[in-house]
Asks: 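Got a structure for you, questions after.
No hydrogens, no waters, no symmetry mates; every other heavy atom, side chains included, goes into these values. Fair warning: this is a prediction, and the values are worked out from it, not measured in the lab.
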Amino acid sequence: MLSLYGLLDKAIQTGRLTITDARGRVHTFGGRNPGPESAIRFTTKTAEWKIFLNPELNAPEAYMDGDLVVDEGSIHDLVMLFYANKNQFDRTPNQIFWDSLLRRFRRFHQNNVLSRARENAKAHYDIGEDIYKLFLDRDMQYSCAYFPEGTETIEQAQTAKKRHIAAKLNLKSGQKVLDIGCGWGGMALYLAHVADVEVLGVTLSERQLKVARRRAEILGVSDRVKFELIDYREVQGKFNRVVSVGMLEHVGAPYLRQYFLNVRDRLTDDGVALIHSISTKSPPGYTGPFIRKYIFPGGYSPSLSETVAAVEPTGLWLLDCEIWRCHYGYTLQHWRERFLANRETAAEVMDERFCRMWELYLSVAERVFLQGSSNVFQLQLGRERDAVPITRNYIAEEEARIADRETEFLERVVASAAQALDA
């Protein structure tokens, strides 16, 4: 009968894993090919068979609970070792079973009706800004940054992301913009200053709403940048532009078509939408059990194929599609390093178990984008085929124009986040 140690012996071909079991016996796996190394210890016998039965969920829980202790290296080293051998792990009988089961029930896990969507948002975004301040940039951008050169700081890369999106929206003064999933308000406030537009930002997080509204007040733009606690399905009216960054991941596969129908119905005839989302190069799948249970309940990163399939029946034009491959991996690396630098403070704000959970989350997410199949797409949509210029030249031109203007407002907009959070 296959045991955890038999599974590891077959799966680990790159790097080396040393395990001290609950009885004090030492087991070593791998070494065939050079790679990451890690040494761990089980403090309970129960952890060993639980991880064998369901490794993707029970291994993270064992680490969070202290039943799995990293003796040499860090949890990040262990995660890197896992991803170096992920293809072999995916072919183990246990993982094949769970993969089949989770695919079968994925629509149930993503049944994000209005009431459930609100609870899911609270579970992640309302844990308190004190944690997010420890690792995000000053503008509190909790989505993939943009690294044109690959050497940018997280502050520079998040500004580059906002600038790139603003350029693709091709904004005109006086236009109305809908920001679906506005977070702490940074994107909405940036767009308002870039092009003198009116923005409505919507969120399901009460804490984000409070901060975003306070930022608008500090900047004196509450008359044209408004924020509401409302689901995207409940928004009314027409907008010249719709922007949604990091929100599609909370929609769920059963609601993708409805989401894009809502986007279509909110756009004016000459309107443009920019949808930015985590995705994958792989066929449609499911959300891993650890992330679904502890980090993003109801969350799902749709594949490009199922997203485009949801767009097609709406009659919207797909004006442009851009794939960001490593950018989120770089973003998460910054976040993980900043979180670790402030880990002691995080433990005071929450507790040690939370810190282990969050460190594991950031590490796993980073590896998914740098070694796994995840990426980010930006879909540009419109009701008319010529809603934007028919070549991409205008994007670089707009970015240059916006960059020239940023010194007038960028520092004030970014600084408003700290002022609102401290209020």
Side-chain angles (χ1 to χ4, degrees), residues 76 79-80 83 132-170 179 181 183-184 186-191 193-194 243-249 274-282 301 304 320-342 358-359 361-380 392-407 409-411 413-414 417:
H76 187 62
V79 170
M80 290 184 67
Y83 272 94
Y132 291 105
K133 285 194 297 183
L134 297 179
F135 67 93
L136 297 182
D137 68 302
R138 292 171 59 216
D139 196 41
M140 300 290 283
Q141 289 291 308
Y142 192 28
S143 59
C144 179
Y146 186 46
F147 294 82
E149 302 297 330
T151 58
E152 291 82 358
T153 67
I154 190 64
E155 309 288 343
Q156 293 169 333
Q158 290 292 10
T159 297
K161 182 263 300 289
K162 289 176 287 186
R163 186 189 307 132
H164 191 64
I165 289 174
K168 294 174 84 170
L169 286 169
N170 199 25
D179 182 359
W184 289 280
M187 178 63 74
L189 294 167
Y190 181 88
L191 296 180
H193 283 78
V194 164
V243 63
S244 183
V245 181
M247 161 59 196
L248 192 66
E249 300 93 317
L274 193 288
I275 312 300
H276 170 119
S277 173
I278 298 172
S279 185
T280 174
K281 74 176 182 64
S282 303
S301 301
L304 185 60
D320 191 62
C321 175
E322 183 177 4
I323 303 297
W324 293 7
R325 283 161 287 132
C326 297
H327 296 267
Y328 216 155
Y330 302 153
T331 304
L332 284 151
Q333 184 175 14
H334 280 280
W335 289 351
R336 179 178 58 82
E337 291 172 352
R338 288 161 71 106
F339 181 79
L340 289 176
N342 294 286
W358 210 256
E359 185 181 351
Y361 149 53
L362 293 174
S363 183
V364 167
E366 177 187 324
R367 289 299 104 191
V368 164
F369 284 93
L370 294 180
Q371 289 180 268
S373 61
S374 290
N375 56 32
V376 168
F377 64 61
Q378 285 189 349
L379 301 186
Q380 190 184 49
R392 287 178 167 178
N393 295 345
Y394 77 96
I395 299 175
E397 294 168 1
E398 278 291 291
E399 286 191 84
R401 183 189 67 79
I402 293 169
D404 287 341
R405 284 201 57 209
E406 278 179 350
T407 53
F409 62 82
L410 185 60
E411 177 56 31
V413 171
V414 170

Asks: Taking the six-membered ring for Trp, are Tyr361 and Trp358 parallel (under 30°), tilted (30 to 60°) or perpendicular (over 60°)?
Replies: perpendicular
Asks: Measuring from atom CG of Leu340 to atom CG of Leu134, what distance do you get when rounded to the nearest 0.5 angstrom?
Replies: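 If we round to the nearest 0.5 Å, Leu340:CG and Leu134:CG are 11.5 Å apart.
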Asks: Return a table of donor-acceptor pairs under 3.5 angstrom between the side chains of residues 145-152 and protein atoms on other chains or two or more places apart.
Replies:
from	atom 1	to	atom 2	distance (Å)
Glu152	OE1	Gly150	N	3.0
Glu152	OE2	Glu149	N	2.8

Asks: Minimum heavy-atom separation for Ile278 and Glu249, please, with both atom names.
Replies: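 Heavy atoms of Ile278 and Glu249 come nearest at N-OE2, 3.0 Å.
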Asks: Where does the angle between the aromatic ring planes of Trp324 and His164 fall among parallel (under 30°), tilted (30 to 60°) and perpendicular (over 60°)?
Replies: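 Trp324 and His164: tilted rings.
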Asks: So which of Gln333, His76, Arg336 actually passes side chain to side chain donor-acceptor pair (under 3.5 Å) with Ser363?
Replies: His76
Asks: Taking the side chain as every heavy atom from C-beta outward, state whether His327 and Val376 have any atom pair closer than 4.5 Å.
Replies: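 Sidechains of Val376 and His327: no contact.
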Asks: Identify the two heavy atoms, one from Glu366 and one from Leu332, that lie closest to each other, and give their separation to 0.1 Å.
Replies: N-CD1, 3.7 Å
Asks: Taking only residues two or more places apart in sequence, or in another chain, which ones meet Asp404 in a side chain to side chain contact (heavy atoms under 4.5 Å, CB included)?
Replies: none
Asks: Counting heavy atoms not belonging to Arg401, are there more than 12 under 6.0 Å from its CZ?
Replies: yes
Asks: Which distance, rounded to the nearest 0.5 Å, do you find between the CG of Asp139 and the CG of Leu410?
Replies: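 Interatomic distance, Asp139 CG to Leu410 CG, rounded to 0.5 Å: 8.0 Å.
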Asks: More than 12 non-hydrogen atoms from neighbouring residues, nucleotides or ligands closer than 6.0 Å to CZ on Phe135, yes or no?
Replies: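 Buried by this count: over 12 neighbours within 6.0 Å.
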Asks: Just to verify, what does Gln371 make a side chain to side chain donor-acceptor pair (under 3.5 Å) with, not counting sequence neighbours?
Replies: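 Scan of Gln371 (side chain to side chain donor-acceptor pair (under 3.5 Å), adjacent residues dropped) gives Arg367.
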Asks: Any non-hydrogen side-chain atom of Trp184 less than 4.5 Å from a side-chain atom of Leu136?
Replies: yes
Asks: Any side-chain heavy-atom pair from Ser277 and Phe377 closer than 4.5 angstrom?
Replies: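 In short, these two side chains touch, coming nearer than 4.5 Å.
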Asks: Within this structure, what is the CG-CD distance for the pair Leu169 and Gln380, rounded to the nearest 0.5 Å?
Replies: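 Leu169 atom CG to Gln380 atom CD measures 7.5 Å (nearest 0.5 Å).
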Asks: To the nearest 0.5 Å, what is the distance between CZ (Arg338) and CD1 (Ile154)?
Replies: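 Between Arg338 CZ and Ile154 CD1, I get 7.0 Å after rounding to 0.5 Å.
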Asks: Of the non-hydrogen atoms in Tyr190 and Ala166, which two are nearest, and what is the gap between them?
Replies: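 Here Tyr190 and Ala166 meet closest at CE2-CB, 4.0 Å.
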Asks: Does Thr280 use its side chain to pair, donor to acceptor, with the backbone of Ser373 at less than 3.5 Å?
Replies: yes
Asks: Work out which heavy atom in Tyr142 is nearest to a heavy atom in Tyr328; give both atom names and the distance.
Replies: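 So the two residues come closest at O-OH, 4.3 Å.
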Asks: Taking all atoms of both residues into account, what is the closest heavy-atom pair of Glu399 and Ala167, and its distance?
Replies: CG-CB, 3.5 Å
Asks: Should Leu370 and Tyr83 count as side-chain neighbours, where that means a heavy-atom distance under 4.5 Å?
Replies: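 With C-beta onward as the side chain, the pair stays apart.
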Asks: Enter the distance from Lys161:NZ to Thr159:OG1 here, rounded to the nearest 0.5 Å.
Replies: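 Rounded to the nearest 0.5 Å, the NZ-OG1 separation comes to 9.5 Å.
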Asks: Within the side chain of Glu398, is there an N or O that forms a donor-acceptor pair under 3.5 Å with the backbone of Ala396?
Replies: no
Asks: Strictly distance-based, threshold 3.5 Å: is any side-chain N or O of Lys168 a donor or acceptor partner for the main-chain N or O of Ile395?
Replies: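 Answer holds: no.
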Asks: So Met140 and Gln158, do their side chains get closer than 4.5 Å, heavy atoms only?
Replies: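 Side chain of Gln158 against side chain of Met140, heavy atoms only: no contact under 4.5 Å found.
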Asks: To the nearest 0.5 Å, what is the distance between CG (Asp137) and OG1 (Thr331)?
Replies: 9.5 Å
Asks: Is there a side-chain contact between Leu304 and Leu379 (heavy atoms, below 4.5 Å)?
Replies: yes
Asks: Provide the closest heavy-atom pair for Ala188 versus Asp179 in the form atom of the first, atom of the second, distance.
Replies: N-OD2, 3.7 Å
Asks: Does Glu322 use its side chain to pair, donor to acceptor, with the backbone of Gln378 at less than 3.5 Å?
Replies: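 Side chain of Glu322 to backbone of Gln378: no pair is present.
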